[in-house]
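Numbering of ligands and ligand atoms starts at 1, following listing order. Everything numeric in this text was worked out from a predicted model, so none of it was measured. Hydrogens, waters and symmetry mates play no part in the numbers below; they use all other heavy atoms, side chains included.
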Amino acid sequence: MGSANGLTNGRGRHPLFSFGVITDVQYADIPNGHSFLGVPRFYRHSMLVLQRAVKSWNNNKNLNFAIHFGDIVDGKCPKDQSLNAVKKVVGEFENFKGPVYHMIGNHCLYNLPRDKLLPLLKIPNLDGGRGYYEFSPAPGYRFVVLDGYDISAIGWPHDHPKTLEALKFLRERNPNSDKNSPNGLEGLDRRFLMFNGAVGEEQMEWLDTVLRDATNMKQKVVVCCHLPLDPGASSQEPLLWHYDEVMDVIHRYDCVKVCLAGHDHEGGHSIDSHGIHHRVLEAALECPPGTDAFGYIAVYDNMLSLVGTDRMKSTNIHFNPY
Ligand SMILES: Nc1ccn([C@@H]2O[C@H](COP(=O)(O)O)[C@@H](O)[C@H]2O)c(=O)n1
Ligand SMILES: O=P(O)(O)OC[C@H](O)CO
C-alpha cells in the first residue's frame, strides 16, 4: 500500500527511490475545447495542474526526479507561439527541485521540429534527432525511454526517409484520405493512424542491447513511451503501430517489470501474458478546472507504488524481483 507521505510502503519499508509523474500537459494559451470525439480539453488549466504537481513534488521532499510522458504543448497552439509555449512549460518543470525527464509526443512534433525540440526537452540528441535514451537512478534499476515517433509522418523533414517509410506504412494499412481517421478499420488495426508511430530498426537493436546489459547487471527495467504498448491498458487507436514487435523484444528478457505511457488520456492498467504491468497515465489536459492528474511512484525491489492525486488513480504494481 502507498502511504500518504511516501516514506514507507505501509509495512515499514523505505522505497529505494521515488519519482514524480504527469503526462499530456498539452498546454496552449487558447480557450477550452474538445477532442475529435467531443471529450473536453482544458488547454490553459493544464498549466495549473502542472504547477500544483511541481508544488506537491517539492513538498514531498523525497522525490529523486520527475517524468513527463510527452505532449508538452497542444497542436492547436498558434505556431508563432510554439517556441515560447514549450519554453514556458519546460520552465514550470524546472521549478521542480530535481531532474525532469521528457519524451516525444505527437503534439510536441506538431509544434516544433526535432532539432529544436530535443535540446529544449534536454533529450540527449546523440545521433541526428534520435529521441530515445536510458538512465539508471539507482544501481538496481534502469529506465528506458523509447521514441515512439522514430518512424513517423510527423516531426521529420517531409522528404526524410523516415517520413517516407511512415507514409508508405500508413498507405498500406489505412485507406482513408485523412490518415488520422480510423473509419472502416477493425479492432487493433484502428491504431494505424498518423498521430501514432513506430520504433525503428536501430532503436530496436539498441533496446535489445540495453535489456541484455540490464539482465547481465541484474537490474530491473522500467520502460517509458508516450504511446501505450499493450491493448489491455489502452483503447485500440493510441497504440504504437508495432507494439507487438517491441513487446517481443521485451519478452525475451525477465528484466522489464513495468511499462509506463501516456497518449490515451483516460488511462489504463493491464498485466500482460508475461506478467509485465502496463500503466497508461491519466492526462493533465483533460482535468476540468480545479481537478488534477499527477502523482509519484515509490520504487521497491518487488513493487512500484503509484500514489495518484485526484483523477490519477493509485496503483500498486507487484512483480517478481528476480
Ligand atoms: N475517431 C477519430 C479520432 C480522431 N480522428 C482524427 O484525428 C485527429 C486528432 O484527434 P483528437 O481526438 O486528438 O482530437 C482529428 O482531428 C481527426 O482528424 C478521426 O478522424 N476519428
Ligand atoms: O492527445 P491526442 O490529441 O494525440 O489524442 C490521443 C487520443 O487519446 C488517441 O485516441
From CA spacing to verdict: salt bridge (Lys or Arg N to Asp or Glu O under 4.0 Å), D150, K162
CA-CA 8 Å; D150 184 3; K162 292 191 178 195; 2.5 Å; yes
Where do R252 and D248 land on the salt bridge (Lys or Arg N to Asp or Glu O under 4.0 Å) test, with the steps shown first?
CA-CA 7 Å; R252 282 183 205 149; D248 284 347; over 6 Å; no
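In terms of protein heavy-atom proximity, atom 1 (O) of ligand 2 is closest to H265 NE2, 2.9 Å. Of the protein's non-hydrogen atoms, N180 CB, 3.3 Å is the one closest to atom 7 (O) of ligand 1. Closest to atom 10 (O) of ligand 2 among all protein heavy atoms lies P238 CG, 3.6 Å. Nearest protein heavy-atom neighbour of atom 10 (O) of ligand 1: F36 CB, 3.7 Å. Among protein heavy atoms, atom 18 (O) of ligand 1 sits closest to D178 OD2, 2.9 Å. Closest protein heavy atom to atom 4 (O) of ligand 2: N106 ND2, 2.7 Å.
The environment of NZ in K218 is sparse: at most 12 heavy-atom neighbours from other residues, nucleotides or ligands sit within 6.0 Å.
Counted by atom type alone, S18 and N62 present zero donor-acceptor pairs between their side chains at under 3.5 Å. Side chains of H277 and D272: a donor-acceptor N/O pair is absent below 3.5 angstrom, by distance only.
Contacts between H263 and ligand 2, counted as non-hydrogen atom pairs separated by less than 4.0 Å, involve both the backbone and the side chain. Neither the backbone nor the side chain of N183 comes within contact range of ligand 1; no heavy atom lies under 4.0 Å. Contact annotation for L285 and ligand 2: no heavy atom of the residue comes within less than 4.0 Å of the ligand.
Exactly one of D24, L306, T315 qualifies for a side chain to side chain contact (heavy atoms under 4.5 Å, CB included) with L281. That residue is L306.
For ligand 1 and S35, the ligand atoms under 4.0 Å from any heavy atom of the residue are 12 (O), 14 (O). Residue S181 has at least one heavy-atom neighbour below 4.0 Å for each of these atoms of ligand 1: 19 (C), 20 (O). Residue-ligand proximity, D71 to ligand 2, at heavy-atom distances under 4.0 Å covers atoms 1 (O). Residue H107 has at least one heavy-atom neighbour below 4.0 Å for each of these atoms of ligand 2: 1 (O), 2 (P), 3 (O), 4 (O). Taking a cut-off of under 4.0 Å to the non-hydrogen atoms of P182, the atoms of ligand 1 that pass are 1 (N), 2 (C), 19 (C), 21 (N).
The list of side-chain hydrogen bond (donor to acceptor under 3.5 Å, both in side chains) pairs with a residue in residues 178-191, not counting sequence neighbours, reads R190-E237.
At least one heavy atom of Q26 lies less than 4.0 angstrom from ligand 2. Under a 4.0 Å heavy-atom criterion, R41 is in contact with ligand 2. At least one heavy atom of R41 sits closer than 4.0 Å to an atom of ligand 1.
The six-membered or imidazole ring of F19 lies near that of F143, with a centre-to-centre distance under 6.0 Å. A centroid separation of 6.0 Å or more is found between the aromatic rings of W241 and F192. Aromatic rings of Y296 and W57 (six-membered ring for Trp) have centroids beyond the 6.0 Å cut-off, not under it.
With a 6.0 Å cutoff to the six-membered ring centre and a 45° limit on the axis angle, R173 counts as a cation-pi contact of F169.
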